[in-house]
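Predicted, not measured: the structure shown is a model, and the values here were computed from it. Sequence lines set the chain letters: A, B, ... in the order given, protein chains first and strands last, and positions in each chain run from 1.
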There are 2 protein chains.
Amino acid sequence: MADQGHSWQSIHDIVRQRIQDRYWKPGELIPGEADLAEEFGCARATVNRALRQLAESGLLDRKRKAGTRVALHPVRKAILHIPIVRKEIEERNQVYGYALLNRKKMSPPDHVRARMQIASDTKLLKIEALHLADGKPFLLEDRWVNFHALPDILKADLSVTSANEWLVMNAPFTGGNIAFSALSATKRVAELMGTQPGAALFAIERSTWEGETALTEALMVYGEGYRMYTAI
Amino acid sequence: MADQGHSWQSIHDIVRQRIQDRYWKPGELIPGEADLAEEFGCARATVNRALRQLAESGLLDRKRKAGTRVALHPVRKAILHIPIVRKEIEERNQVYGYALLNRKKMSPPDHVRARMQIASDTKLLKIEALHLADGKPFLLEDRWVNFHALPDILKADLSVTSANEWLVMNAPFTGGNIAFSALSATKRVAELMGTQPGAALFAIERSTWEGETALTEALMVYGEGYRMYTAI
DNA sequence: CAGTGGTCTAGACCACCAG
DNA sequence: TGGTGGTCTAGACCACTGC
């Protein structure tokens, strides 16, 4: 017979409760897996699963030999789900619209070239597009694409499918980074986004790489009042 | 002997590579755990561990009976680590400073009362504080604390330890949410933060709950030019 | 060196749900 | 209702690291 004792979920919950109740205090060493397995009447692997989950959540610190301790400074992790823009708008039950403003091969400015580690005589594909929700400006996409690494994008009809969406579907990447910031609307951005110059806008900069090769770098400027939510 | 075949990590990497190489295409059904276990010469549990990890990363969709498919729209998740402000500044090798601007019990405005689901005659502890990096304004903390649920905070010396830090160390919570946004500096905020009125500032609003009880709600306004980074 | 977590195995039962 | 993933077990070896 299997499954006589606790499930790893129930052990997870019990341990979390003990941490919350300060039965085990921050920094304190909790019993080893073998001891807990005996207490809960289950296999050590089951305890391991529960404690591993709690460690991933940042509630426990685990080290071989040293044992398992309640995290002193529980790292608060917020997991942001970054959807395709179209889906984000459709999930709000709004009608998605899209307008390609600009698309041409050109030499990127120095700061872009430096970040993407592109040779000085190399051109990139510059794309500007506006994403609309219910006909109103929602997001301004300003992007540089390394088409030498992604030649297929030159064949894509970017007036129908956004570069954002094309890349998600067609450009596997191995890594990258994201930066969130606030920026002040320039006159041009304000006109495009239908706000006043100087308005505070939420922006995301994203760069993605495949190995050592930069694929794309994008600045996504959201409309005024946009908020990005997540649960913790 | 154990550990003769592949490790779950190596299987994880192989499968990820196959997805990236389009050996298994988006939406496609991949072989079952038993088949893969045979192919890799390991136990099914090992394959399970690898595939579970990939599903958590959003690369696979798994369903009982239906099998495992390559995710059609790989959800891009960004994990934000939200540190204690002091640690964030110290990790930049800057000197942390802190100034308590305001601390008193008072009735919260309606929108705060509504969000926190506080009875209309209930007072909360209102705290304003400025966090400094190398003596310059870094973050403005504007917070409401439900001291009825956290009576100990009334005994804390918030002119030494920030409410932010006190709460992290002393207030276990079961849930909450975070919103990121951009806002325009009011005259008062601009004076405190040393910027011009109207400057675009990055802001985080956080609320935390223990069960059904709201513990605290905070608006954290960062200095001009602040960027929040994370890898993907 | 010895104790702890990390992992793997072979086998088993079960929950779910598409067909 | 049968196939698939989800989980549990008892036992084992290993890797890391504090003492």
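Around the NZ atom of Lys77(B), the shell of radius 6.0 Å holds more than 12 heavy atoms that belong to other residues, nucleotides or ligands.
Place Gln9(A) and Lys65(A) on DNA chain D by their nearest nucleotides, and Gln9(A) ends up nearer the 5' end.
Using a 4.0 Å cut-off, some side-chain N or O of Thr68(B) falls inside it from OP1 or OP2 of dG5(D).
For the pair Glu33(B) and Arg52(B), the salt-bridge criterion is not met [side-chain N within less than 4.0 Å of a carboxylate O].
Atom CG in Leu140(A) sits 8.5 Å away from atom NE2 in His131(A) (nearest 0.5 Å).
Going from atom CD of Glu33(A) over to atom C1' of dG11(D) covers 15 Å, rounded to whole Å. Taking atom CG of residue Leu36(A) and atom P of nucleotide dT9(D), one finds them 13 Å apart after rounding to whole Å. Summarising the geometry, the separation between CZ on Arg44(A) and P on dT9(C) is reported as 16 Å, rounded to the nearest angstrom. Nucleotide dG3(C) holds its C1' atom 11 Å from the CG atom of Asp35(A), rounded to whole Å. The nearest whole Å value for the distance from the CD atom in Glu38(B) to the P atom in dG11(C) is 13 Å.
A donor-acceptor distance shorter than 3.5 angstrom exists from the side chain of Asn146(B) to the backbone of Ala214(B), with no hydrogens or angles considered.
Residue Ala66(A) has its side chain nearest to dG18(D) when only dA12(C), dG18(D), dC8(C) are considered.
If you check residues 45-64 of chain B against DNA chain C, the residues with a heavy atom closer than 4.0 Å are Ala45(B), Thr46(B), Arg49(B), Arg64(B), listed by number.
Under the 30°/60° scheme for interplanar angles, the aromatic rings of His12(B) and Trp8(B) are found to stand perpendicular. Ring-plane geometry between Tyr226(B) and Phe202(B) is classed as tilted, the angle between the planes lying from 30 to 60 degrees on a 0 to 90 degree scale.
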